[in-house]
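Written below as structure tokens is the structure these notes are about.
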Protein chains: 2
Amino acid sequence: MPRAGLSPAGVVDAALALIDEQGPEALTLSAVAVRTGVATPSLYKHVRNISELRTLIAQRVMEEMTDLVGTAVMGRGGPEAVIALMRVWRRYAVEHPFRYAAMPPAPLIDPALAEAGGRLLEVVLAVLRGCGLEGGAAVHTARCLRAAVHGFAVLEVAGGFGLSEDLDTSYRLLEKTIVDGLLPAEND
Amino acid sequence: MPRAGLSPAGVVDAALALIDEQGPEALTLSAVAVRTGVATPSLYKHVRNISELRTLIAQRVMEEMTDLVGTAVMGRGGPEAVIALMRVWRRYAVEHPFRYAAMPPAPLIDPALAEAGGRLLEVVLAVLRGCGLEGGAAVHTARCLRAAVHGFAVLEVAGGFGLSEDLDTSYRLLEKTIVDGLLPAEND
DNA sequence: CTGAAAAGCTAATGGCTTTAGCCGTCGTGT
DNA sequence: ACACGACGGCTAAAGCCATTAGCTTTTCAG
């Protein structure tokens, strides 16, 4: 029996492909085993258990998100950067709905996710710093921003906005609300 | 063997108690069976399968939410009603975190939940009507309001706001942002 | 070339959902 | 009073999942 040449990263790759195609429900070790051409118990050589696999997936997704947001806000500042962040966040969710759903709501709580989560948070705080927000005010603002963006993304991805009105229009309203109501007035 | 006197509602009661105590993960038919003093397969006399049980739970939760929001906004109008809605929504989520998590993001999609979901939506739209919003504008506004409130609730309940800043302060900022930025200016 | 670590595998356990089929209980109509 | 049918309970069993144990094979370092 030739080796399959698997590795932890390979397992995560297969798991992500599975999630992308069939949703988080479909993430089972036996499905991953089939996809990697290996017997289920063999996966335990690369991953401690399914819970650790989920953690690794969450890490990946958060890293992707951090990269995406990071490059989107690069070269921008102030409200413009906030809008860029909001757009790219929603776009990721819409383009990878199941992957987005695999993003943990409380990464900082889990030691294994704290680092990746912290990096993402850092990007958000940097954007807010560019709007003149620091310290406690920045934290409160970041929470509201995150609540709005994440709430919209979750609901859109789940099909929670059932009525026929245009979603882009709704989101533009959210962007405007955030920029006008949440950020400090610009006085340059 | 004396009868247990079970009914669909009784099964849902037990399931809700279970969820309240141990979270949605713990919702298994065998746990419900233990709690109701019955063998697992007996539950199938009252509930078609675990998926239907989840639907029934979601109905209950949405009804509770509708009642709560309905009475909270009663006798209020305009932005005051919006703030009352936001407060009671968050309070429900914090007081019944697991129950809140059992609320489906897209009830209108599921025929079995469309009615309960529609009633809740109606209450929200009525509140917005009191702010002078109708038709398409009301829908877009409702989406943003829901995104913000739901997003905050989900994240708070999951422990997603890890930093030490006061959560009530953050939420007040969100309330202010919504009222100032999302609702049409008052000119009475 | 040898030996040990790494990476497979099969077998087996225990939990969960679900179906099938059996039996006692209860209320209703006679 | 009672017979009977519907209903609500039960056991048995199948099938899927995660996980563990223990065995074999491959690989690679020395």
Side-chain angles (χ1 to χ4, degrees), chain A residues 1-61 98-99 101-102 104 110-113, chain B residues 1-61 98-99 101-102 104 110-113:
Chain A
M1 32 201 108
R3 298 226 169 164
L6 223 43
S7 67
V11 175
V12 174
D13 289 342
L16 275 173
L18 202 61
I19 286 182
D20 282 340
E21 289 168 18
Q22 309 180 42
E25 315 280 82
L27 178 63
T28 120
L29 284 181
S30 47
V32 173
V34 168
R35 188 174 262 274
T36 52
V38 127
T40 308
S42 304
L43 296 175
Y44 287 82
K45 297 284 161 141
H46 306 284
V47 147
R48 193 169 15 188
N49 51 31
I50 201 175
S51 164
E52 189 190 65
L53 177 54
R54 291 209 186 91
T55 299
L56 294 174
I57 290 170
Q59 274 177 11
R60 275 275 193 96
V61 171
F98 297 140
R99 221 173 259 229
D110 182 345
L113 295 175
Chain B
M1 32 198 113
R3 300 229 168 161
L6 223 43
S7 67
V11 174
V12 173
D13 289 342
L16 274 173
L18 202 61
I19 286 181
D20 282 341
E21 289 168 18
Q22 309 180 43
E25 314 281 83
L27 178 63
T28 123
L29 285 180
S30 47
V32 173
V34 168
R35 189 174 262 274
T36 53
V38 127
T40 307
S42 304
L43 296 174
Y44 287 81
K45 299 282 161 141
H46 305 285
V47 147
R48 192 164 19 178
N49 51 33
I50 201 177
S51 165
E52 189 190 64
L53 177 55
R54 291 209 186 93
T55 299
L56 294 174
I57 290 169
Q59 274 176 14
R60 275 276 191 96
V61 172
F98 297 140
R99 222 173 258 230
D110 182 345
L113 295 176

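Scope of the values below: all heavy atoms of this structure, side chains included, with no hydrogens, waters or symmetry mates. Protein chains get the first letters and strands the later ones, always in sequence-line order, with residue 1 at the start of each.
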In whole Å, I'd like the distance from the [atom1] atom of [X] to the [atom2] atom of [N].
X     : N      : atom1 : atom2 : answer
A/Y44 : D/dG22 : OH    : P     : 17 Å
A/E25 : D/dC17 : CD    : C1'   : 14 Å
A/I50 : D/dA18 : CD1   : P     : 5 Å
A/L53 : D/dA18 : CG    : P     : 10 Å
A/L43 : C/dG8  : CG    : P     : 9 Å

field: Minimal non-hydrogen separation, A/A58 against A/A102, with atom names
entry: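 Looking at all heavy atoms of both residues, the shortest contact is CB-O, 4.0 Å.
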Over all atoms of both residues, closest heavy-atom pair of B/H46 and B/S7: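 Nearest pair, atom of B/H46 first, then B/S7: ND1-CA, 3.7 Å.
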query: Has A/H46 got a side-chain N or O lying under 4.0 Å from the OP1 or OP2 atom of C/dA6?
result: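 For C/dA6, OP1/OP2 do not have a side-chain N/O of A/H46 under 4.0 Å.
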message: With a cut-off of less than 4.0 Å, is there a side-chain N or O of B/S42 near OP1 or OP2 of D/dG8?
response: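 Result: no.
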Residues, nucleotides or ligands: over 12 heavy atoms within 6.0 Å of B/E21 CD: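 Result for CD/B/E21: enclosed.
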Nucleotide nearest [X] (side chain, heavy atoms from C-beta), chosen from [options]:
X     : options               : answer
A/T28 : D/dG9, D/dA18, C/dT10 : D/dA18
B/N49 : D/dA18, C/dC9, C/dT18 : C/dT18
B/P41 : C/dG8, D/dT11, D/dT19 : D/dT11

task: Could you pick out which residue, A/S30 or A/K45, lies toward the 5' side of DNA chain D when each is mapped onto its nearest nucleotide?
output: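 The residue closer to the strand's 5' end, by nearest nucleotide, is A/S30.
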- request: Find the distance between CG (B/D13) and CZ (B/R60) and round it off to the nearest 0.5 Å.
  value: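 It is 4.5 Å, given to the nearest 0.5 Å.
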